[in-house]
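Next up is a structure, given as structure tokens.
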Amino acid sequence: IGYLTALGRVARQMTGGGIGNVGRRRKQLPRVDKEVVTFDSVAGIDAAKREVAELVALSSQESAKQYLAVGARPPRGVLLVGPPGTGKTLLARALAQAAERPFISCSGSEFVEMFVGRGAARVRQLFERAGKIAPCVVFIDEIDALGRRRRESNFAVGNANDELEQTLNQLLACMDGVDPNTGVVVLAATNRLNVLDPALVRPGRFDRVVKVPPPDLIGREQILRVHARKVALGSDVDLSSLAKETRGLVGADLAAIINEAAIRAARRGAALIGK
Ligand code: ADP
């Protein structure tokens, strides 16, 4: 794509947070994330954004008092459901940023262990950490890795099954123990709501479900615009026609297109300078 002329600062976030980080994640679970993401940088998924933004107000100390006053229970867990790359992690980060709280994140697959009890201990560790630094936002990506329906995982024999079940039970117990009045909000993400154990989505656990669908035409254009802000854009770039040509792509794909174009532009620029 020869759309972009020169490369400004290619955002670290486009390439960061990818597969390369997985190894590091395992060792330092649970980690507090310092990356700054605001709601401004989340585009094209307005309904989901609105619902998550509402939580900022709901999770403030004042509103906690209001809830208590009328005997209502503030939301404890929110499940973000949508295909990979649609911006679920981004939304969770933006929530933490807007509520001015530390963001602790981990992936469900990090809790899947070979040895019985190890996964459950990791879940406990996560919630203990959250309790210590409360108020905070906890984000569990790929929750389906540990929250599968128990019946379905019965095909696994011996240890594997016990382990998954113990980990899930621990997660359920920890969710029940979360006191929303201390300001711990737990968000989790999955692509497959139907494989989750129904106990996880019962009231008092992940009882709010926010759908994060792939963006439509207008959404794609908005996402392209957000990412184009970070690069030097050629005057002949037509983002609305690019949005038309990218049907079916999600935010992560669109960010990658802009980045790829910027890289090529930089390479071309470098070649010119070299001559
Ligand atoms: P998910 O958690 O749904 O798999 P991420 O939130 O990790 O997806 O998205 C990966 C990257 O893709 C983000 O860091 C961002 O650069 C880009 N992205 C995805 N969705 C959006 C969006 N709605 N608006 C802007 N950028 C997005």
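Note: hydrogens, waters and symmetry copies are ignored here, and every other heavy atom, side chains too, is used.
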Inset, instruction - Calculate, to the nearest 0.5 Å, the distance between atoms CZ and OG belonging to R229 and S41 respectively. - result: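 One finds 7.0 Å between CZ of R229 and OG of S41.
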Legend entry - Side-chain (E163) to main-chain (G119) donor-acceptor, under 3.5 angstrom: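 Side chain of E163 to backbone of G119, a donor-acceptor pair under 3.5 Å: yes, one is there.
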Legend entry - Spacing of C136 atom SG and R129 atom CZ [to the nearest 0.5 Å]: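 Going from the SG atom of C136 to the CZ atom of R129 covers 9.0 Å.
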Inset, instruction - Report yes or no: do L200 and V209 belong to one cluster of Ile/Leu/Val/Met/Phe/Trp/Tyr joined by side chain heavy-atom distances under 4.5 Å? - result: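 Yes, it is one cluster - the side chains of L200 and V209 are joined through contacts under 4.5 Å.
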Legend entry - Main-chain N/O of V78 paired to R208 side chain as donor or acceptor, under 3.5 Å: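 No.
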Inset, instruction - Verify, without hydrogens or angle tests, whether K211 (side chain) and G82 (backbone) share a donor-acceptor contact under 3.5 angstrom. - result: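 Checked: no pair found.
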Legend entry - Contact summary for V212 and T86, nearest pair of heavy atoms: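 Here V212 and T86 meet closest at O-OG1, 3.5 Å.
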Legend entry - R50/E54 salt bridge by N-O under 4.0 Å criterion: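 No, E54 and R50 are not salt-bridged.
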Inset, instruction - Could you tell me whether the side chain of V186 reaches within less than 4.5 Å of the side chain of F206, counting heavy atoms only? - result: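 Result yes, sub-4.5 Å side-chain heavy-atom pair found.
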Legend entry - Any donor-acceptor pair under 3.5 Å from R205 side chain to A199 backbone: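 Yes, R205 side chain to A199 backbone: donor-acceptor pair under 3.5 Å.
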Inset, instruction - Measure the shortest side-chain to side-chain distance between F39 and L91 over non-hydrogen atoms and say whether it is less than 4.5 angstrom. - result: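 Heavy-atom side-chain distance check passes, below 4.5 Å.
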Legend entry - Check: I223 and I45 side chains under 4.5 Å, non-hydrogen atoms: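 The answer is no; the side chains never approach within 4.5 Å.
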Legend entry - Working for side chain to side chain contact (heavy atoms under 4.5 Å, CB included), residues V81 and N191: CA-CA 5 Å; V81 182; N191 185 19; 5.9 Å; no
Legend entry - Distance-only polar pair, side chains of T38 and Q97, donor-acceptor under 3.5 Å: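 No, Q97 and T38 have no side-chain donor paired with an acceptor closer than 3.5 Å.
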Legend entry - Reported CD-to-CG distance for the pair E245 and L217, which is rounded to 0.5 angstrom: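 Going from CD on E245 over to CG on L217, the span is 11.0 Å.
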Legend entry - Distance (rounded to the nearest 0.5 Å) between L224 CG and L239 CG: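 So the gap between those two atoms works out to 5.5 Å.
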Legend entry - Working for side chain to side chain contact (heavy atoms under 4.5 Å, CB included), residues L254 and H227: CA-CA 8 Å; L254 299 170; H227 288 279; 5.7 Å; no
Legend entry - Close side-chain approach of F139 and I104, heavy atoms under 4.5 Å: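 No, every pair of side-chain atoms sits at 4.5 Å or beyond.
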Inset, instruction - Could you go through the side chain to side chain contact (heavy atoms under 4.5 Å, CB included) check for L95 and L55 one step at a time? - result: CA-CA 8 Å; L95 168 68; L55 289 170; 4.0 Å; yes
Inset, instruction - Would you indicate whether the side-chain heavy atoms of T167 and V112 approach each other to under 4.5 Å? - result: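 Not touching, per the 4.5 Å side-chain cut-off.
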Legend entry - Polar side-chain atom of R76 near backbone of G204 as donor-acceptor pair, under 3.5 Å: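 Checking the backbone N and O of G204 against the side chain of R76, a donor-acceptor pair under 3.5 Å is found.
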Legend entry - Between CG on residue L146 and CG on residue L168, distance to nearest 0.5 Å: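 It is 6.5 Å, given to the nearest 0.5 Å.
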Inset, instruction - List in chain and number order the residues that pass side-chain contact (heavy atoms from CB on, under 4.5 Å) with D216, two or more places apart in sequence or in another chain; answer none if no residue qualifies. - result: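 Residues passing side-chain contact (heavy atoms from CB on, under 4.5 Å) with D216: I218.
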Legend entry - ILVMFWY network linking V42 to V250, side-chain heavy atoms under 4.5 angstrom: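 No, no single cluster joins them.
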Inset, instruction - Apply side chain to side chain contact (heavy atoms under 4.5 Å, CB included) to F127 and L171, showing your working. - result: CA-CA 9 Å; F127 281 83; L171 177 65; 3.8 Å; yes
Legend entry - Atom pair OG1/CD of T89 and E142 - distance to nearest 0.5 Å: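 T89 atom OG1 to E142 atom CD measures 9.0 Å (nearest 0.5 Å).
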Legend entry - Residue from I143, D141, V137 passing side-chain contact (heavy atoms from CB on, under 4.5 Å) with L187: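 So, applying the side-chain contact (heavy atoms from CB on, under 4.5 Å) to L187 and each of I143, D141, V137, only V137 qualifies.
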Inset, instruction - Could you tell me whether a side-chain N or O of K88 sits under 3.5 Å from a main-chain N or O of P83, the two making a donor and an acceptor? - result: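 Side chain of K88 to backbone of P83, a donor-acceptor pair under 3.5 Å: yes, one is there.
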Inset, instruction - Answer yes or no: is there a side-chain heavy-atom contact under 4.5 Å between T246 and D253? - result: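 No, side chains not in contact.
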Legend entry - Closest approach of I133 to P102 (non-hydrogen atoms, all atoms of both residues):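 So the two residues come closest at CD1-CB, 4.0 Å.
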Inset, instruction - Check R101 against V185 and note the closest heavy-atom contact, atom names and distance. - result: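 Nearest heavy atoms, R101 then V185: NH1-CG2, 4.1 Å.
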Inset, instruction - Taking all non-hydrogen atoms of both residues into account, name the closest pair between A130 and V184 and its distance. - result: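 Scanning both residues completely, I find the closest heavy atoms to be O-CG2, 4.1 Å.
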Legend entry - Pairwise side-chain contact, F111 with L126, heavy-atom cut-off 4.5 Å (strictly under):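 Heavy-atom side-chain distance check passes, below 4.5 Å.
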Inset, instruction - Search all heavy atoms of V226 against all heavy atoms of D40 and return the closest pair with its distance. - result: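 Smallest interatomic distance, heavy atoms only, reads CG2-O, 3.9 Å.
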Inset, instruction - With the side chain counted from C-beta on, respond yes when D207 and V201 share a heavy-atom pair under 4.5 Å apart, and no when they do not. - result: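 In short, these two side chains do not touch, never coming nearer than 4.5 Å.
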Inset, instruction - Taking all non-hydrogen atoms of both residues into account, name the closest pair between L249 and R220 and its distance. - result: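 The answer is O-CD, 4.0 Å.
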